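Worksheet: one structure, shown below.
Note that these values count all heavy atoms, side chains included, but never hydrogens, waters or copies made by symmetry. Everything quoted here is computed from the prediction, not taken from an experiment.
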Amino acid sequence: MASGLSTADKVSAVPTLRLVIDREGLMRFALRLAGILAVPFLGLAPARSEEFHAYFYENEEQPAAHLTFSPCTGEEVSECVAYSISCDPAQTPPLQISILTGPVETMAVDLIKASAGATYANVPLSAGGKKVDLPISMIHVDANEMDGGWMLSLGSYDTAPLLDTLSKENSEGAAITIAGMAYSLAPQKGDGAKLLQWRDACVRIRGN
């Protein structure tokens with residue numbers, strides 16, 4: 001890319017990946033996430049820690065599976081979600097990873113640069129010694145009006161690398177790496193079971 005271009009110009013110069021700012025999309029996501037998380041945790045005392053906790057939710061009426069990671073518990077979970085993975089045929093692509101905190105603008109640019117104009121970027125998955133690349137065909141940046149920052153969503157049409165790799169033996173150690181930053185998919189002991197619940201739900205959804 002030519003020198004002197006702004007970050008936005010450099011991003012838009014890559015035709016094979018998509019960088020979009022969509023405030024309405026963020027609000028829809030936030031409202032949906034709040035609705036998802038409010039049901040299982042109503043009545044629990046809110047608490048916040050330095051550690052992340054995994055929360056699984058499956059929507060059976062409109063088949064979708066969500067696994068969110070938050071430093072909060074109780075009713076505050078939906079207000080401080082740090083990242084999430086979802087399997088939802090109503091969204092495009094159906095498999096998405098959302099990062100709601102951190103230097104998401106820099107991460108998006110780094111992913112696009114790393115792809116060198118290829119059709120796909122890659123997000124490595126490590127699980128029990130196995131390492132596979134999840135192909136990413138969408139890089140989507142939304143304005144995060146909840147904290148004045150940004151939210152990064154990565155999407156894939158190919159669910160097999162993720163779903164076929166996860167197993168009972170490796171789920172506790174599973175993690176994904178996005179632009180050099182590691183995100184645990186089972187941050188607490190026992191969260192591997194929730195990750196497998198999410199995987200199994202996605203397999204059912206994919207089968208439909």
Side-chain angles (χ1 to χ4, degrees), residues 21-88 90-91 95-108 123 125-127 134 139-155 162 166 171-202:
I21 297 176
D22 181 1
R23 294 176 182 270
E24 292 183 358
L26 173 66
M27 295 309 296
R28 288 194 299 271
F29 173 86
L31 289 171
R32 181 177 62 181
L33 186 61
I36 286 171
L37 294 176
V39 175
F41 304 108
L42 283 176
L44 298 179
R48 187 182 180 112
S49 71
E50 296 301 321
E51 299 178 331
F52 289 112
H53 305 270
Y55 300 100
F56 167 74
Y57 174 78
E58 180 179 4
N59 186 336
E60 297 181 355
E61 293 183 1
Q62 297 179 342
H66 306 270
L67 192 63
T68 63
F69 303 88
S70 172
C72 299
T73 60
E75 296 178 357
E76 290 186 345
V77 170
S78 61
E79 298 178 6
C80 55
V81 170
Y83 57 103
S84 67
I85 55 176
S86 62
C87 186
D88 184 349
Q91 63 187 10
L95 177 62
Q96 293 193 16
I97 303 166
S98 297
I99 309 297
L100 284 75
T101 61
V104 298
E105 294 172 273
T106 301
M107 293 168 67
V123 168
L125 165 73
S126 301
L134 176 66
I139 299 176
H140 189 121
V141 176
D142 292 316
N144 187 342
E145 296 183 357
M146 297 181 71
D147 65 6
W150 300 91
M151 180 181 74
L152 172 65
S153 295
L154 308 176
L162 179 58
L166 295 173
S171 61
E172 288 293 337
I176 52 177
T177 303
I178 301 174
M181 299 185 67
Y183 294 86
S184 175
L185 299 182
Q188 299 291 326
K189 184 177 180 181
D191 281 348
K194 299 174 186 177
L195 180 57
L196 292 182
Q197 281 184 290
W198 178 84
R199 179 207 64 182
D200 292 345
C202 284

Enumerate donor-acceptor pairs with a distance under 3.5 Å from any side-chain N or O in residues 173-181 to protein atoms, sequence neighbours excluded.
none

- Query: If you take all heavy atoms of Ser171 and Leu195, which pair is closest and at what distance?
  - Reply: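 The answer is O-CD2, 3.7 Å.
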If you take all heavy atoms of Ala54 and Phe69, which pair is closest and at what distance?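 Ala54 and Phe69 have their closest heavy atoms at CB-CE2, 3.6 Å.
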Distance in Å, [X] [atom1] paired with [Y] [atom2], rounded so as to fall on 0.5 Å steps:
X      : Y      : atom1 : atom2 : value
Leu185 : Leu162 : CG    : CG    : 7.0 Å
His66  : Asp88  : NE2   : CG    : 5.5 Å
Ser86  : Asn59  : OG    : CG    : 12.0 Å
Ile85  : Cys202 : CD1   : SG    : 7.0 Å
Ser98  : Asp142 : OG    : CG    : 8.5 Å
Met151 : Glu105 : CE    : CD    : 13.5 Å

Tell me whether the centres of the aromatic rings in Tyr83 and Phe52 are closer together than 6.0 Å.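 Ring centres of Phe52 and Tyr83 closer than 6.0 Å.
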* Do side-chain atoms of Glu51 reach the backbone of Pro71 as a donor and acceptor pair under 3.5 angstrom? ->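 Between the backbone of Pro71 and the side chain of Glu51 there is no qualifying donor-acceptor contact (under 3.5 Å).
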**Item:** Trp198 (side chain) donor-acceptor with Phe56 (main chain) under 3.5 angstrom
**Value:**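 Not at all, since once roles are kept as given, no pair shorter than 3.5 Å links the two residues.
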Please step through side chain to side chain contact (heavy atoms under 4.5 Å, CB included) for the pair Ile97 and Leu134, ending with a clear verdict. CA-CA 11 Å; Ile97 303 166; Leu134 176 66; 4.0 Å; yes
Worksheet entry | Pairs satisfying salt bridge (Lys or Arg N to Asp or Glu O under 4.0 Å), at least one member in residues 54-73, at least two apart |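 Matches after skipping sequence neighbours: Glu58-Arg204.
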Salt bridge (Lys or Arg N to Asp or Glu O under 4.0 Å): pairs with one or both residues in residues 184-200, sequence neighbours excluded |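 Passing the test, one end in residues 184-200: Asp191-Lys194.
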* With a 4.5 Å limit on heavy-atom distance, are the side chains of Ser70 and His53 in contact? ->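 Result no, sub-4.5 Å side-chain heavy-atom pair not found.
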Taking side chain to side chain contact (heavy atoms under 4.5 Å, CB included) as the test, write out the residues that go with Ser126, two or more places apart.
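In terms of side chain to side chain contact (heavy atoms under 4.5 Å, CB included), with neighbours along the sequence ignored, Ser126 is linked to Lys131.
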